[in-house]
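My structure is below; once you've seen it, I'll send some questions.
Whatever order the structure lists ligands and atoms in, that order sets their numbers, starting from 1. Side-chain atoms are counted along with the backbone in the values below, which use heavy atoms only and exclude waters and symmetry mates.
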Amino acid sequence: MNYTNIEMKVKTMFEADASGHDWWHIARVIHNAEMIQAEEGGDLELIRLAALLHDVGDHKFHKEADAPQKLITQILAEENATSATISKVLEIVSQVSYKGAEVSTSCNSLEAKIVQDADRLDAIGAVGIARAFAFGGSRNRLMYHPEQPPKNHKDFEAYKNDEGHTINHFYEKLLLLKDRMQTPTGEKMAQKRHAFMELFLEEFYEEWGG
Ligand code: ADP
Ligand code: NI
């Protein structure tokens, strides 16, 4: 199995994305995951591989529910990964994604916890704010509408199909993440980024002018 070949394939898939899911998101998630692993332990090679592949086939870009399994298996099989490695990566990737305020995303391995924290750290803070508006713009969503309050999504379908404005996304996901971090190191890293989002929202409402 050649990590560099897999990296090149993923780069090609995500290079031109303008919705906040470009290659640099993936590079940051790998970096975050390495920082968390240095404190928490876990299988570094598996963590890197799962972080690299975590957005391949994502529901935001693919209609078929089994797109991640299909595409990730294909990429790894082309590089002669063992079936044990493929199933470990698939398990981690299936546990990473946020599915709505009231849907619990359980991780049954340290590696899954680390990749989930690494991905969520990139959804908050300054980069997270930039990504949220990039994603909203890519879906023709309003930045904000003062008369449309946030929703508490009860299931993944409701969360996935919501077309609300981007400020709502802060209350429906981004501000909830710091209390849902899976590792102590991830939780520590989330504090500063969370505080920055709160400050951003304060300024935003002040400038919006009531
Ligand atoms: P996840 O798998 O948890 O959804 P991703 O790595 O795919 O994580 O990234 C999700 C990114 O997409 C976040 O940064 C988030 O801001 C953005 N995003 C998703 N849904 C919305 C939305 N409804 N409005 C604005 N941004 C969104
Ligand atoms: Ni991601």
Pair Lys178 + Glu187: basic N to acidic O under 4.0 Å |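 No, this pair does not count.
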
Which bit of His25 is near ligand 1, meaning a heavy atom under 4.0 Å away: side chain, backbone, both or neither?
->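 Side chain only; the backbone of His25 stays clear of ligand 1.
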
Kindly write out the residues that satisfy side-chain contact (heavy atoms from CB on, under 4.5 Å) with Asp58, not counting sequence neighbours, or none if the list is empty.
->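 In terms of side-chain contact (heavy atoms from CB on, under 4.5 Å), with neighbours along the sequence ignored, Asp58 is linked to Asp55, Lys60, Phe61, Ser97.
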
Within-4.5 Å side-chain heavy-atom neighbours: Gln182 and Leu110 | no

In chain order, what residues pass the side-chain contact (heavy atoms from CB on, under 4.5 Å) check against Leu175, with sequence neighbours excluded?
-> Phe170, Tyr171, His194, Met197, Glu198, Leu201

Check whether any side-chain heavy atom of Glu79 lies under 4.5 Å from a side-chain heavy atom of Met1, and answer yes or no.
->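 Answer yes - side chains close enough.
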
Which residue supplies the protein heavy atom nearest to atom 25 (C) of ligand 1, what is that atom called, and how far is it?
-> Ala132 O, 3.4 Å

Numbering as shown, the atoms of ligand 1 that approach Ala123 to under 4.0 Å (heavy-atom distance) = 14 (O)

Number the atoms of ligand 1 from 1 as they appear, then name those within less than 4.0 Å of a heavy atom of Tyr98, with their elements.
-> 1 (P), 2 (O), 3 (O)

With heavy atoms only and a cut-off of under 4.0 Å, state how Asp55 meets ligand 1: side chain, backbone, both or neither.
->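 It is the side chain that touches ligand 1; the backbone stays farther off.
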
Residues 96-125 vs salt bridge (Lys or Arg N to Asp or Glu O under 4.0 Å), sequence neighbours excluded, gives Arg28-Asp122, Glu102-Lys154, Asp122-Arg131

Where is the nearest protein heavy atom to atom 12 (O) of ligand 1: which residue, which atom, and how far?
->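 The closest heavy atom on the protein side is His21 CE1, 3.3 Å.
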
Got the closest protein heavy atom to atom 2 (O) of ligand 1, with its distance?
->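 Going atom by atom, the protein heavy atom closest to atom 2 (O) of ligand 1 ends up being Ser97 OG, 2.6 Å.
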
Name the closest protein heavy atom to atom 6 (O) of ligand 1, giving the residue it belongs to and the distance to 0.1 Å.
->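 The protein heavy atom lying closest is Asp119 OD1, 2.8 Å.
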
Which residue from Arg120, His169, Lys60, Met143 reaches closest to atom 7 (O) of ligand 1 through any of its heavy atoms?
-> Lys60

SB check Lys70 Glu64 (cutoff 4.0 Å) |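 No, Lys70 and Glu64 are not salt-bridged.
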
Can you pull out the closest protein heavy atom to atom 23 (N) of ligand 1? Residue, atom name and distance to 0.1 Å, please.
->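 Atom 23 (N) of ligand 1 sits closest to the protein heavy atom Arg141 NH1, 3.0 Å.
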
Between Asn108 and Gln95, do the side chains contain an N or O donor and an N or O acceptor separated by less than 3.5 Å?
->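 Per modelled atom types, Asn108 and Gln95 side chains form a pair under 3.5 Å.
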
Report yes if Thr166 has an N/O atom closer than 3.5 Å to an N/O atom of ligand 1; otherwise report no.
-> no

Proximity of Phe14 and His25 rings by center, below 6.0 Å =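 They do not qualify: ring centres at least 6.0 Å apart.
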
What protein N/O/S atoms lie closer than 2.8 Å to the Ni ion (ligand 2)?
-> His25 NE2, His54 NE2, Asp55 OD2, Asp119 OD1

In plain terms, say whether Lys88 and Glu91 are close enough for a salt bridge, that is, a side-chain N and a carboxylate O under 4.0 Å apart.
-> no

Specify the protein heavy atom at minimum distance from atom 14 (O) of ligand 1: its residue, its atom name, and the distance to 0.1 Å.
-> Arg131 NH1, 3.1 Å

Give a yes or no on this: more than 12 heavy atoms of other residues, nucleotides or ligands lie within 6.0 Å of atom OH of Tyr144.
-> yes

In terms of hydrophobic clusters joined by side-chain contacts under 4.5 Å, are Leu52 and Trp24 together?
->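 Yes: a chain of side-chain contacts under 4.5 Å links Leu52 to Trp24.
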
